[in-house]
Amino acid sequence: MHVLKRLRLDDFILPLVGFAAFLILWQVIAGKVMVTKEVDDFGDTITKTKRVGISADLPAPSETWKSSKPYIVEPFAKRGELDQGILSFTKLSLGLVMQGYLIALVLGTPLGFCLGLSKTFTKAVDPIIQVLRPVSPLAWFPLGLVLFSSVKLMDGSGKTYFGASDAAALFTIAVCSMWPTVMNTAVGVRAVPQDYLNVAKVLKLSKFKTLMKVLVPATLPYMFTGFRLSLGLAWLVIVAVEMLTGRPGVGGFLWQEYNAGSYSRIVLCILTIGVVGLVLDRLMSVVERRFKTA
């Protein structure tokens, strides 16, 4: 019984306390509308409205809810390409993220194994990786447009459904998110005990069987750490990509609302990005536990 009470406290009450504290801090910092009445030079009474507060333009939680309510209560509504429910935007963004993320894993995992297995390969390639790794997605996207400028896939009616900007978006997500997978996989391979490899030699396992039966299982915890970090980066990059391309999605919606000066909906986008990132991380954690217990 004591354990159940403690679990209830840790799992429900403390998060609620933290959330309440966050809302109170938000309310304190947010601006408030102040209405004042003044008499002009002609003796007429005029009403002036202005925002005051620590951050005058930051909307309060109630203002954010009022402005964002149509996008939340109808999450899958589609009133136009850039006027959709918040979950509809999220679905579009996640579709692009998953494509770029899978490309990152397909490229990054083998590269990480090569770096971990060969010192010669590491000396040749690692300096290049260290140069490319800190490059911003804002720099990768224009390069992607140049590299894939000739990409143009059309349907039967002659309408382009995959063009240079789409290819550049996938390229940017993949390149920016692959590095944690590369580095963590390489570290995991180097950490495999030499005894494991000696046993594989004694059993005369082929290189492929040594890879699948020894290296991959031993490296899996490191690989999943890289996978989780890469997924988080892919979700971060999507915002920049959609802002640059004007694609419909959470990032595109955020940029549209920024240009329109709708700060309440900007806050909605930020909260959505954070919640989706948390859910993706938890889902990856579940997958990791399944693999460990398999």
Flag side-chain contact, heavy atom, 4.5 Å: [X] against [Y]:
X      : Y      : result
Pro75  : Ser88  : no
Ile129 : Met183 : yes
Thr219 : Val187 : no
Val250 : Leu92  : no
Met284 : Arg282 : no

Roughly how far, to the nearest 0.5 Å, is the [atom2] atom of [Y] from the [atom1] atom of [X]?
X      : Y      : atom1 : atom2 : result
Arg190 : Lys119 : CZ    : NZ    : 9.5 Å
Leu229 : Leu233 : CG    : CG    : 7.0 Å
Gln27  : Ser62  : CD    : OG    : 6.0 Å
Asn184 : Arg228 : CG    : CZ    : 11.5 Å
Met243 : Leu138 : CE    : CG    : 8.5 Å
Ile238 : Leu96  : CD1   : CG    : 4.0 Å

Under a 3.5 Å distance rule, please check whether [X] uses its side chain to pair with a backbone N or O of [Y] as donor and acceptor.
X      : Y      : answer
Ser230 : Ser177 : yes
Gln130 : Pro127 : no
Thr109 : Leu105 : yes
Asp83  : Arg79  : no
Trp140 : Ala169 : no
Thr185 : Thr181 : yes
Thr225 : Pro221 : yes
Thr272 : Leu268 : yes

Single-linkage hydrophobic cluster [X]~[Y], side-chain heavy atoms < 4.5 angstrom:
X      : Y      : value
Leu107 : Leu102 : no
Leu197 : Val202 : no
Leu147 : Val241 : yes
Val189 : Met212 : yes
Val146 : Phe171 : no

Which atom pair, heavy atoms only, marks the closest approach of [X] to [Y]?
X      : Y      : result
Ala186 : Leu115 : CB-CB, 3.8 Å
Ser68  : Ser264 : OG-O, 3.6 Å
Leu211 : Pro217 : O-CD, 4.3 Å
Ala168 : Phe141 : CB-CE1, 3.7 Å
Gly100 : Leu170 : N-CD2, 3.7 Å
Ala164 : Ser149 : CB-CA, 3.9 Å

Practice task
Quick one: do Leu117 and Leu215 satisfy side-chain contact (heavy atoms from CB on, under 4.5 Å)? Show the steps, please.
Solution key: CA-CA 10 Å; Leu117 291 170; Leu215 292 175; 3.7 Å; yes
Decide if atom [atom1] of [X] counts as having more than 12 heavy atoms of other residues, nucleotides or ligands within a radius under 6.0 Å.
X      : atom1 : value
Lys78  : NZ    : no
Tyr258 : OH    : no
Tyr196 : OH    : no
Phe148 : CZ    : yes

Completion exercise
Contacts of Phe227 meeting ring-ring contact (aromatic ring centres under 6.0 Å, His included) (sequence neighbours excluded), chain-then-number -> Phe224
Exercise for the section: Apply the test side-chain contact (heavy atoms from CB on, under 4.5 Å) to residues Lys152 and Met154: give CA-CA distance (whole Å), side-chain angles for both, the deciding distance (0.1 Å), then the verdict. Expected result: CA-CA 6 Å; Lys152 192 175 185 180; Met154 296 183 291; 4.3 Å; yes
Handout entry: From CA spacing to verdict: side-chain contact (heavy atoms from CB on, under 4.5 Å), Val239, Trp255
Key = CA-CA 9 Å; Val239 177; Trp255 187 242; over 6 Å; no
Handout entry: Selection residues 233-252 - residue pairs positive for side chain to side chain donor-acceptor pair (under 3.5 Å), sequence neighbours left out
Key = Ser93-Glu242, Asp166-Arg247
Practice task
For Phe113 and Met223, run side-chain contact (heavy atoms from CB on, under 4.5 Å): C-alpha distance rounded to whole Å, both residues' side-chain angles, the deciding distance at 0.1 Å, then the answer.
Solution key: CA-CA 10 Å; Phe113 271 98; Met223 290 169 60; 4.0 Å; yes
Exercise for the section: Give a yes or no on whether the ring-centroid distance for Tyr71 and Phe253 is below 6.0 angstrom. Expected result: yes
